[in-house]
Amino acid sequence: PFASIAKATLASKHSIISCITDHIRKAVDIVGSDYLEIKHPILFNFHAKLLLSMFNDPEKVDEMMLAKLMPFIENGVKSPMKSFRYSALVVISQLVLTVKLKEEVLNSLCKLLITKLRAETATASLSTLMVVFQQQNVQNLSKNTLKKLLRHDESIDVWKILKDLAERTDTTKFYNVLWAELV
């Protein structure tokens, strides 16, 4: 059934993914984000599953599809709700694992992950950023974006998180871009 839902989602302007996203927004307004996260986490899972189903066939993922889906991913990353952010991070990870993205899209994703970093999900966000660097060919990031990452140090211990990640995974590509831009 998800294949037919995905097909219908891409074919129409008023798709089920739009409805789910609007439903989440309205629910936050009505009952609040804490209640929604505790009582209805399935909404975030369903949202992520719908987005993930769009990337099942990497051959069909094109710029037009990404342009339609990126706002939904951005909503998740920008959300104050941890569950929504985690689901968006899963979608980003799966996207970069299955689809070869263009540099503009990669820079946009990296900038989004860095600029919308929050203390409670910082480790997951930076882990997702490392997955992007490992699976794609990120050539550069803007100096301002990298400075923003390094300025997070007051509220988020970015260097500690990066050090911990370096002990568990390959962060070479990230550090190569970081040092090339900052030097």
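Quick caveat: nothing in here was measured; it's all calculated off a predicted structure.
Judged purely by distance below 3.5 Å, without hydrogens or angles, the side chains of N144 and S142 never pair a donor atom with an acceptor atom.
Between L112 and K78, the shortest heavy-atom contact is CD1-CE, 4.0 Å. Of all heavy-atom pairs between A122 and I161, the closest is CB-CD1, 3.7 Å.
With R118 contributing its side chain and V77 its backbone, the two residues share no donor-acceptor pair below 3.5 Å. Looking at S79, its side chain never comes within 3.5 Å of a backbone N or O of N75 through a donor-acceptor pair. The main-chain N or O of V96 is never found under 3.5 Å from a side-chain atom of Q135 such that the two would form a donor-acceptor pair. Side chain of Q139 to backbone of E103: no donor-acceptor contact under 3.5 angstrom is found. Side chain of T21 to backbone of I17: a donor-acceptor contact under 3.5 angstrom is found. Under a 3.5 Å cut-off, the side chain of E120 and the backbone N or O of M81 do not form any donor-acceptor pair. Of the possible polar contacts, none joining the T169 side chain to the L165 backbone as a donor-acceptor pair under 3.5 Å is found.
Hydrophobic clustering, with ILVMFWY side chains joined whenever heavy atoms are under 4.5 angstrom apart, keeps M64 apart from M54. Tracing side-chain contacts under 4.5 Å through hydrophobic residues (I, L, V, M, F, W, Y), one reaches L141 starting from L150; they form part of the same cluster. Both W179 and L146 are assigned to one and the same hydrophobic cluster, defined by single-linkage of ILVMFWY side chains at heavy-atom distances under 4.5 Å. If you chain together hydrophobic residues whose side chains sit under 4.5 Å apart, Y35 and V28 never meet in one group.
Here the CZ-CG distance, from F55 to L97, works out to 11.5 Å after rounding to the nearest 0.5 Å. How far OG1 of T171 is from CZ of F133: 10.5 Å, rounded to the nearest 0.5 Å. To the nearest 0.5 Å, the span separating CZ on R168 from CE on M130 amounts to 10.5 Å. To the nearest 0.5 Å, atom CZ of residue F84 and atom CD1 of residue I24 are 4.0 Å apart. A distance of 5.5 Å separates CD1 in I73 from CG in L95, rounded to the nearest 0.5 Å. Here NZ of K102 is found 3.5 Å from CD of E63. Values are rounded to the nearest 0.5 Å.
Look at D22 and R25 and you find a salt bridge, because one of the NZ, NE, NH1 or NH2 atoms lies within 4.0 Å of a carboxylate O, short of that distance. Salt bridge present: K160 and D164 bring a charged side-chain N and a carboxylate O closer than 4.0 Å.
Counting non-hydrogen atoms of neighbouring residues, nucleotides and ligands closer than 6.0 angstrom, the NZ atom of K143 exceeds 12 such neighbours. Atom NE2 of H23 sits in a sparse spot, with 12 or fewer heavy atoms from other residues, nucleotides or ligands closer than 6.0 Å. By the 6.0 Å contact criterion, NZ on K163 is open, its count of non-hydrogen atoms from other residues, nucleotides or ligands being 12 or less.
I20 places none of its side-chain heavy atoms less than 4.5 Å from the side chain of F72. Between T145 and L149, every side-chain heavy-atom pair lies at or beyond the 4.5 Å cut-off. Counting heavy atoms from C-beta on, the side chains of V61 and T98 never come closer than 4.5 Å. Using a 4.5 Å heavy-atom threshold, the side chains of L129 and C110 count as touching. Looking at K173 and V138, their side chains never come closer than 4.5 Å, going by heavy atoms from C-beta outward. Side-chain contact between L52 and V90: present, with at least one pair of heavy atoms (C-beta onward) separated by less than 4.5 Å. A 4.5 Å side-chain heavy-atom check between N137 and L106 finds every atom pair outside the cut-off.
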Show your working on side chain to side chain contact (heavy atoms under 4.5 Å, CB included) between V91 and L69 and close with a plain yes or no. CA-CA 11 Å; V91 171; L69 299 178; over 6 Å; no
Is there a side chain to side chain contact (heavy atoms under 4.5 Å, CB included) between E181 and N140? Walk through the geometry before answering. CA-CA 7 Å; E181 291 297 324; N140 57 29; 3.0 Å; yes
With side chain to side chain contact (heavy atoms under 4.5 Å, CB included) as the test, would you mind laying out the steps for F174 and L126 before giving the verdict? CA-CA 11 Å; F174 170 75; L126 290 174; over 6 Å; no
